[in-house]
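All remarks here apply to the structure that follows.
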Amino acid sequence: MIAHPLLQPKKSSAARVGNFAHDLATREPEPLDAPVSVYRRGWLGVLAVFGLLAVLTFMLVPVLTITFGETTSSFLENVKDLANFGSPTLLIVALLAGATGYYGYGRIAWWLSFGFWLSIAVLIVNIATGVNWFNFGIFWIIIGTLSGLFIGCAFELVGALRRHRERYLIALLIIGMLSTAAATFVAVQNSVKERTAVVTLVQAQQALSFPLFEPTNLPSRYSFYEPKFFVINGEFHVYYGDENYPPPPVIDFLKGLEVIESPGIAGEVFDELTTYARLVINGYDARYRESRGRSIMEWQQGETYITVISHSPINSREFIDFARSFVPFVP
């Protein structure tokens with residue numbers, strides 16, 4: 001019998017599929033107990049270095065606060081926000097990159113690290129130059145990190161298919177699904193366009209039935225911002241800052257000063273709120289509290305209920321003086 005392949009009868013498609021299935025079921029898997037190389041053990045060093053950088057970066061926040069005090073420039077506030085958000089993200093990247101690199105997923109480790117540091121570079125350029133590409137702000141860290149994770153998983157998936165390492169595909173698919181879910185969250189967070197038009201004070205007063213008030217003593221940190229006026233759901237909103245307003249629907253990273261004025265509440269306003277600090281604003285009872293780095297002041301002045309929120313740490317004296325400077329708006 002002639003055994004040369006070119007002289008054999010041509011196999012049908014069904015036969016080729018059957019042979020492929022037989023080979024897939026009977027072939028020996030790639031050995032999984034190969035010794036860990038020095039190169040792969042090096043990723044544990046990467047984990048340690050990245051983790052140390054995350055701790056040192058997080059310690060930068062109290063150092064800046066002690067050095068420059070509560071009232072700092074917009075530049076230093078951006079640096080604080082970058083440290084507060086970037087440090088825990090770097091710690092997560094350290095754990096993922098170290099673990100995936102050590103267990104042989106070098107492409108995931110490399111691309112994950114590259115995506116994270118590229119996003120940090122974009123944010124540093126943003127802070128230093130004032131450029132705000134696509135208005136993603138601090139979300140650039142999430143976008144860059146997840147993009148690197150997705151690319152690394154894609155390369156590992158192709159490599160696993162070529163080397164027939166099917167047992168690893170489940171882990172890669174889970175990582176890919178998690179990164180896709182997180183990327184979807186970021187997309188939803190930033191996909192809501194600003195539907196509320198900016199108005200003037202006169203237009204706002206004409207649209208609302210209760211009297212409006214305006215401040216005359218703006219804290220120095222926010223004094224260089226041009227206020228933005230909005231009428232949202234029957235309320236008057238004022239925002240001092242360079243972020244998009246109204247904020248996204250899931251998580252907001254507002255850093256400016258926000259004022260909300262709404263129709264007054266009949267009767268005693270603060271009966272049920274006994275745990276808040278109480279003080280007097282322009283002869284009216286007010287409450288003051290701090291929550292997750294935000295300072296919040298609320299009081300009812302005549303027929304108008306006023307809420308003032310500083311989304312960045314602020315000197316309490318400046319904040320109280322700002323609240324006491326509200327006077328009736330006269331068109």
Side-chain angles (χ1 to χ4, degrees), residues 29-32 34-58 81-128 131-191 251 253:
E30 185 177 284
L32 303 177
V36 178
S37 66
V38 175
Y39 171 76
R40 285 165 59 182
R41 286 199 297 268
W43 281 106
L44 297 180
V46 173
L47 187 156
V49 171
F50 281 12
L52 180 61
L53 284 175
V55 173
L56 293 177
T57 304
F58 189 75
D81 290 337
L82 175 59
N84 277 325
F85 195 80
S87 298
T89 308
L90 177 56
L91 190 58
I92 295 173
V93 170
L95 294 173
L96 288 176
T100 54
Y102 179 79
Y103 285 105
Y105 298 101
R107 295 182 183 90
I108 295 179
W110 278 112
W111 280 101
L112 178 66
S113 305
F114 176 77
F116 173 80
W117 290 112
L118 179 63
S119 66
I120 293 296
V122 170
L123 277 175
I124 291 175
V125 171
N126 183 8
I127 294 173
V131 176
N132 197 11
W133 293 312
F134 300 107
N135 292 321
F136 283 139
I138 206 76
F139 278 110
W140 273 114
I141 295 180
I142 298 178
I143 294 171
T145 303
L146 291 178
S147 298
L149 178 62
F150 179 80
I151 295 173
C153 285
F155 278 118
E156 285 291 351
L157 186 61
V158 172
L161 288 172
R162 287 179 175 177
R163 295 192 300 270
H164 309 298
R165 297 172 66 178
E166 287 83 0
R167 63 187 303 173
Y168 285 137
L169 298 185
I170 296 178
L172 290 172
L173 290 175
I174 290 175
I175 295 174
M177 286 189 294
L178 289 176
S179 62
T180 302
T184 302
F185 163 78
V186 174
V188 171
Q189 171 76 358
N190 291 277
S191 63
I251 300 175
F253 283 99

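Side-chain atoms of Phe50 and Ser113, non-hydrogen and from C-beta on, do get closer than 4.5 Å to each other. Side-chain contact between Phe58 and Val55: absent, with no pair of heavy atoms (C-beta onward) separated by less than 4.5 Å. You'll find the side chain of Phe155 stays beyond 4.5 Å of the side chain of Tyr105, heavy atoms only. Leu90 is listed as a side-chain neighbour of Phe116, based on a closest heavy-atom distance under 4.5 Å. Annotation: side chain of Phe150 is not in contact with side chain of Leu146 (no heavy-atom distance under 4.5 Å).
Going from atom CZ of Phe114 over to atom CG of Leu149 covers 14.5 Å, rounded to the nearest 0.5 Å. Here CG of Leu91 is found 8.5 Å from CG of Leu47. Values are rounded to the nearest 0.5 Å.
Looking at Thr145, its side chain never comes within 3.5 Å of a backbone N or O of Ile142 through a donor-acceptor pair.
Nearest approach of Leu112 to Ala97, heavy atoms of both residues: CD2-N, 3.8 Å.
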